[in-house]
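Data first, discussion second: the structure below is written as structure tokens.
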Amino acid sequence: MFQLTRSVTWQALKDLQAKTTDDRISDYFTADPQRFDKMSLRVGGLFLDYSKHLISDAVLDKLLELADHSALVQRRAQMFSGDIINVTENRPVLHTALRNLGEGPLMVDGQDVMPEINSTREQIRRFSDEVRSGEWKGYSGQRIKDVVNIGIGGSDLGPNMACRALLKYRHSELNFHFVSNVDGTHIQKVLSRLDPATTLFIVSTKTFSTQETLLNAKTARRWFLETAGPDADVGAHFVAASTNRKAAMEFGIREENVFEFWAWVGGRYSMWSSIGLPIALAIGFEGFIEMLEGAYEMDQHFLTAPNAANMPVLMALIGIWYINFQGAETQAIVPYDQALHQLPAFLQQLDMESNGKSVDIFGRPVDYKTGPIVWGQTGSNGQHAFFQLLHQGTRYVPIDFIASLKPEPGFEDHHFALLTNMLAQANAFMEGSQQGSDLDPYSCPGNRPSSTLLLDELTPKNLGALLALYEHKVFVQGVIWNINSFDQWGVQLGKRIAGEISSRIDAHSQDFDTSTQGLLQLVRAHFPDHGPARQEVPAPESGKPRGKRRKASS
Ligand code: F6P
């Protein structure tokens, strides 16, 4: 059986790591004046500079060999063609189908899925046009002014991030709110400012069984019925994006207002589907299509470019170098763009829920590190929060700097300061501090790596390409690590235990550890009527994982 860590290439990379411990990134530039030209790449409206990495030519060659020797070509072809690569849930992985505009056929279980993809996209167009034009009326005959998306995880993070990123393209008379946390203050804060007559709720949930979303949706419906009075018409103010048409209609949503998507779209990959409805409402259907087009162009690049000139592949290999050979535990995402301030949170779920795995696709424990801890915040704020640790701390953290080049008219000076701050920081991380000798206790060691990803402008198309780029980077890493990037059994565990605890708070809780029992005691004191309403334990999203699960290795 092939073992990644015993492969010749893996061993060669380990040897190279040992040989390059004293290398300095800046010396690579001195040795090769063409380094920037050789280690930068443009794809459409995106430009990647990956030259400030602790990666010599020899290391890059071996990393590319790792990709060449992996199942990348086969698994990528399988994904795009609809083969079942999500093996534990026995599903295809076809978020890419959602943005191949009109091509086809694409067979899933012997059925061409393009017609239903196209008809749902047409349903989104009609609906977004009606709401944006004011043609869609609430129960009092007024147009919609506020849109509330109720969802969590991939049913929140993608549309939330995109609506924020594309704020300058947003409809001037529509306001958007995103409710995700089950903490009542989240929905209370939003509802307190709304008029039921002009508010539209989108219940976004792939399964229509997520406890937080159902509780928030029921609270919204109760608020609506209580405040709208006798004319309240749930059907004119609630729509759903879900794979579970039946449950949506049982909630009170009209069949024609259920925007369906499919089991072969993973939650964290679903913003290209009906989950992207808030985006289409915010920036218009044409803007939503432009976002799909940007992702589609990145798909085509990913499918056709040789590994050495393939942006997702290169970013994936750079990450593997740091995670598996340089001991990095985390990956920092620092967008120098306030419009992208929610991008780190989106990429956190995309990466950590996909590659936070410790068994391979056969259920065997892996003996190497997999997905990193992804975190981050906008620059220049980060400079005044955590850059100190990145400059002088004991941790080794590769950074992705992301920015858009085109300034907003009238704010050129701000944008110039923003971009030059970013370039200065990337340089300082690499060079370290110049003053004082090496013995100077206050010097910054430098030699800290970063990529710089520049968008010509933050448009729907370039945002689509950026997000697809990271989707494929995560995919490539998952293939090389031979893990299933598309299930999330760890999350199902959390959902199940949350259901058990909340449904048994007043029952005998001896089944739990004494810590949980003690804490339940404290909680119960505040819920004299035996705690919150009983929640039926939501069934896991699908059947038991296939194959025997053994304890993961350390
Ligand atoms: O976070 C786990 C998860 O299943 C995500 O994959 C998904 O995006 C989120 O929960 C919400 O699930 P649903 O869309 O089914 O409510």
Side-chain angles (χ1 to χ4, degrees), residues 86 88-89 91-95 98 120 148-162 178-183 186-187 201-221 238-248 250-251 253 258-279 342 345-357 371 373-374 467 470-471 474-475 478 483-499 535-543 545:
N86 177 355
T88 60
E89 295 182 305
R91 289 174 181 165
V93 173
L94 273 171
H95 47 282
L98 299 169
T120 303
V148 182
N149 187 80
I150 298 176
I152 196 166
S155 299
D156 163 70
L157 290 164
N160 196 344
M161 174 271 302
F178 288 84
V179 174
S180 52
N181 200 330
V182 74
D183 179 343
H186 201 181
I187 193 164
F201 293 95
I202 305 174
V203 183
S204 295
T205 167
K206 178 176 178 180
T207 56
F208 227 98
S209 69
T210 304
Q211 181 193 39
E212 299 97 322
T213 299
L214 293 186
L215 193 47
N216 277 322
K218 287 170 186 169
T219 297
R221 183 179 59 190
F238 284 77
V239 301
S242 185
T243 62
N244 193 339
R245 175 184 294 273
K246 179 172 175 291
E250 286 166 358
F251 179 84
I253 289 164
V258 178
F259 295 83
E260 218 168 358
F261 62 109
W262 305 275
W264 37 261
V265 180
R268 51 196 174 271
Y269 297 88
S270 62
M271 65 183 286
W272 320 100
S273 73
S274 309
I275 293 293
L277 192 54
I279 307 168
Q342 290 175 229
F346 170 79
L347 294 178
Q348 197 168 63
Q349 186 203 19
L350 176 68
D351 202 315
M352 295 175 75
E353 199 168 86
S354 294
N355 289 345
K357 311 287 168 65
I373 295 166
V374 174
L467 303 178
Y470 274 95
E471 285 180 346
V474 166
F475 171 76
I483 57 180
N484 180 355
S485 298
F486 302 103
D487 60 9
Q488 53 281 318
W489 296 105
V491 180
Q492 303 313 107
L493 174 67
K495 287 184 177 181
R496 182 165 54 77
I497 293 181
Q535 297 290 333
E536 57 282 352
V537 175
E541 261 188 26
S542 66

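In listed order, ligands and their atoms are each counted from 1.
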query = Glu353: what forms a side chain to side chain contact (heavy atoms under 4.5 Å, CB included) with it, not counting sequence neighbours?
reply = Arg268, Gln349, Gln488, Val491
Geometric N/O contact [X] with ligand 1, under 3.5 angstrom:
X	answer
Ser155	yes
Gly154	yes
Thr205	yes
Lys206	yes

Side-chain donor/acceptor of [X] to backbone N/O of [Y], under 3.5 Å:
X	Y	result
Ser204	Ala241	no
His186	Asn181	yes
Thr205	Gly151	no
Asn149	Ser155	yes
Thr243	Lys206	yes

message = Taking 4.0 angstrom as the limit and counting only heavy atoms of Gly267, give me the atoms of ligand 1 inside it, by number and element.
response = 8 (O)
message = Show the atoms of ligand 1 that are less than 4.0 angstrom away from any heavy atom in Val491.
response = 1 (O), 2 (C)
Closest approach of Glu212 to Val182 (non-hydrogen atoms, all atoms of both residues) = CG-CB, 3.6 Å
request  = Return the option from Lys495, Gln488, Glu353 holding the heavy atom at the smallest distance from atom 5 (C) of ligand 1.
outcome  = Glu353
Option of least heavy-atom distance to atom 15 (O) of ligand 1 (set: Ile152, Leu157, Thr207, Asp487) = Thr207
ask   = Is the closest heavy atom of Glu212 to ligand 1 under 4.0 Å?
value = no
